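Down below is the structure, laid out as structure tokens.
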Amino acid sequence: MLQAAKLECRRGDRLLFSGLDLQIDAGTLLHVRGRNGSGKTTLLRTLCGLFTQDAGEVRWKGESIRTLAEDYRSDLLYLGHLNGIKGDLTGVENLRLAATLDGDRIGVDAVWSALGRIGLTGFEDLPTRMLSQGQKKRVALARLILSRAPLWILDEPFTALDVAAVDLLQGLIADHVAAGGLAVLTTHQEVPLTSGQARHLDLGA
Amino acid sequence: MTLPWSRFAAPATFYPLAGRLIPIFWVLAAALILTAFYWGFFETPDQLGGSNAQKGYYRIIFIHVGSAWMSMWLYGMLVLWAAVGLVFKTRLSFMMANAIAPTGAIFTFLALWTGAIWGRPSWGTYWDWDPRLTSELILFFLYVGYIALHSAIDDSRRADRAASLLAIVGLVMVPVIFWSINCPDPNQCAALHQRSGLGKVDGNILFAMLTMTLGFWMYSFATTLMRLRGIILTREAETSWVQDLIRSEGRPA
Amino acid sequence: MFKVFWSVLHRDLLLAMRRRTDVLTTLFFFVIVVSLFPLGVGTEHAVLRVLGPGVVWVAALLASMLALERLFAADYEDGTLEQLLLTGQPLVLLTLAKVTAHWLLTGLPLVLIAPLVGMQYHLSDSAVAVMMVSLFLGTPVLSLIGAIGAALTLGLRGGGILLALLILPLYIPVLVYGAGAVEVGAVAFGEARPYLTLLAAFLVAALALAPFASSAALRISIE
């Protein structure tokens, strides 16, 4: 499904990686590893199409993501280092807006229950700037519950989370992969899968 | 005949080629500019005839017109390379655009400067809000904007692409800006500069003017290539061919 | 399609309403700049009438530009901008929605306060009317062109001052015809018609082209 061929990326004038090939099929988790500065984030952003590679191509279902453009992006859910939520909006407002932009029609009830499931009961209606770091991260992660995107690209999703939230997130990713979804993530945390397969990619080795 | 473009588009092959070309351009520039000076001072009439007789000081035209032309052409070249870089993603094109900018800015400044000196005796003022003068000033701002944006961005890739986009937006806006300055009243247009046509110019003056401009072209090639070599070295500093080069020239890396 | 445009527009307006001071700052900046000029050049009615159109337009340019710095910056800092770039929606549409919100919050208030400024400068009624129409047509052009600069200077040190350097030269046509319109409009509204037509043409051209340039600039800057 998701394919990268002969990918080459530079940051400024520094070469991060070149000739990188990868292939991820439905029901697969790709675990990207590497020391700091080895280009993990850049690889993930390249797979999203946020970063333009210097050579090579990223393909989704056999077609270049440049040609697919919006069609690819609506199949994709990316969570980066920044939470991507507005501090002045409440959790509910943030999630509903994200859903609208993803083209999903999601009722208020679904949003409330998602926030409840992620452990934010009682905080749904507060501006997110009043929440703690971990709680803000949870608001962002609640999108995983609501989204129907088959491809998840998650950059360090486990940082700032407590033990309970880590368990929950591991469960969400495992369910997604078991349901035939794809997930690419960078993390130092192992994700125990119930079904599907896990693969590893080591950068800068 | 097909030229090996892609080979010369690689900084590693272009660097030595540029090195060989630079002295040639310098010699040509010096020869042409000196000829133009000689011709301009000794082979041209002392007075400009016609309805507005100008004394010997009109000779500043040889620098003024040439640099004004260069300032516009170089902006065109800059945008051309910027566009090539954005379309074909060739890093050398961006470097080329980047190398052209300071030379272009210098010529723009020179045109403004000589224009002011010429304006004093002929119009009685150093500066007037004449459309062409103002347009040249705006062009100078565009150059400065390009250079400022490029140097404000640390990441060279983003700097290249952002500044290129700005240059293209600038080029799209230039006709509108120039036109709005020329015709502040949409019903009529007026200008201090006389309408000029090359055909009406005395042959000797034209010769000196064109020779000077050609000399300026050569000068632009020389300085641009020199700057380009500098840019290539800085930006490719980590590659093996630059390391080899430094070693072979016996300088510590 | 319209739903997406509306939801981004609604989001930005909602955010602005939760931080009202940002909107008022721009408006008061405009009022202060315009009010300072008579203190500098003297309060003679004839002088003010001559200077008025130019001063109002330069102040509008500066006010719109100052506000532009925040157009994408807040979204860039909290990561919502990269999420916008990753939605399955055309980025041009989202950019246009953001610029529209920006204009409603910073451009439209200037149009509405114009009569007050007209009073300060003793402008004739027809000049004030022309000023309102010209600002109404011209300030969206400023927002549209300015958005390109705002996208290019995203997240840079000293971005605000750099933005001014890049964008102000591009504002010249709007300034020339905007101020020109008010000047000739002092006699009769009809005199200003060619100027206003030109401004309208600029608006159409800017609407058609600028969002594409801003989107491209955003993609470059977000890397």
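The structure displayed is predicted, hence computed values, not measured ones. All chains are named by letter (A, B, ...) in the order of the sequence lines, taking the proteins before the strands, and each is independently numbered beginning at 1.
For C/Leu91, the part sitting under 4.5 Å from any heavy atom of chain A is the backbone (N, CA, C, O) and nothing else. At a 4.5 Å heavy-atom cutoff, A/Arg96 makes no contact with chain C through either its backbone or its side chain. Proximity to chain C is limited to the side chain of A/Leu97, based on heavy atoms less than 4.5 angstrom apart. Contact annotation for C/Phe5: neither backbone nor side-chain heavy atoms come within less than 4.5 Å of a heavy atom of chain A. Using a 4.5 Å cut-off between heavy atoms, A/Leu77 does not touch chain C at all. Only the side chain of C/Leu94 comes within contact range of chain A, judged by heavy atoms closer than 4.5 Å. At a 4.5 Å heavy-atom cutoff, the contact between A/Asn83 and chain C is made by backbone atoms alone. Both the backbone and the side chain of C/Gln89 come within less than 4.5 Å of a heavy atom of chain A.
Ranked by heavy-atom pairs shorter than 4.5 Å toward chain A, the options C/Val8, C/Leu86, C/Ile220 are led by C/Leu86. Of the listed residues (C/Val4, C/Ile222, C/Leu85, C/Leu15), the greatest number of heavy-atom pairs within a distance under 4.5 Å of chain A belongs to C/Leu15. Counting heavy-atom pairs closer than 4.5 Å to chain A, the top-ranked of the candidates C/Leu84, C/Thr80, C/Asp75 is C/Thr80.
The two residues A/His176 and A/Ala183 have their closest heavy-atom pair at CD2-CB, 4.4 Å. For the pair C/Leu152 and C/Ala217, the tightest heavy-atom approach, listed with the atom from each and the gap, is CD2-CB, 3.7 Å. Residues C/Ala151 and C/Leu218 approach most closely at CB-CD2, 3.7 Å, considering heavy atoms. The nearest pair of heavy atoms linking A/Ile106 to A/Ala110 is CG2-CB, 3.7 Å. Between C/Ser64 and C/Ser143, the closest heavy-atom pair is OG-N, 4.5 Å. Between A/Asn94 and A/Lys86, the shortest heavy-atom contact is OD1-N, 2.9 Å.
Within the 4.5 Å cutoff, no side-chain heavy atoms of A/Leu30 are placed close to those of A/Leu185.
With C/Ser221 contributing its side chain and C/Leu154 its backbone, the two residues share no donor-acceptor pair below 3.5 Å. Judged purely by atom type and a 3.5 angstrom limit, A/Thr90 uses its side chain to pair as donor or acceptor with the backbone of A/Glu93. The backbone N or O of A/Ile24 sits nowhere less than 3.5 Å from a side-chain atom of A/Thr28 that would complete a donor-acceptor pair.
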Discussion item. Between C/Thr95 and C/Ser215, is the side-chain hydrogen bond (donor to acceptor under 3.5 Å, both in side chains) condition met? List the steps.
Written reply: CA-CA 7 Å; C/Thr95 316; C/Ser215 308; 3.2 Å; yes

Item to complete: Carefully, step by step, assess A/Gln23 and A/Asp25 under the rule side-chain hydrogen bond (donor to acceptor under 3.5 Å, both in side chains).
Response: CA-CA 7 Å; A/Gln23 157 94 37; A/Asp25 295 308; 2.9 Å; yes

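Listed in order of number, the residues of residues 122-147 of chain A that approach chain C to under 4.5 Å between heavy atoms are A/Arg129, A/Arg143. Within residues 38-70 of chain A, the residues approaching chain C closer than 4.5 Å by heavy atoms are, in numerical order, A/Arg45, A/Cys48, A/Leu50, A/Phe51, A/Thr52, A/Glu70.
The structure places OG1 of A/Thr159 at 7.5 Å from NE2 of A/His81, a figure rounded to the nearest 0.5 Å.
A side-chain contact (heavy atoms from CB on, under 4.5 Å) with C/Phe30 holds for exactly one of C/Thr26, C/Val34, C/Ile32; it is C/Val34.
Between C/Phe136 and C/Trp103, the ring-plane angle classifies as perpendicular under the 30° and 60° cut-offs.
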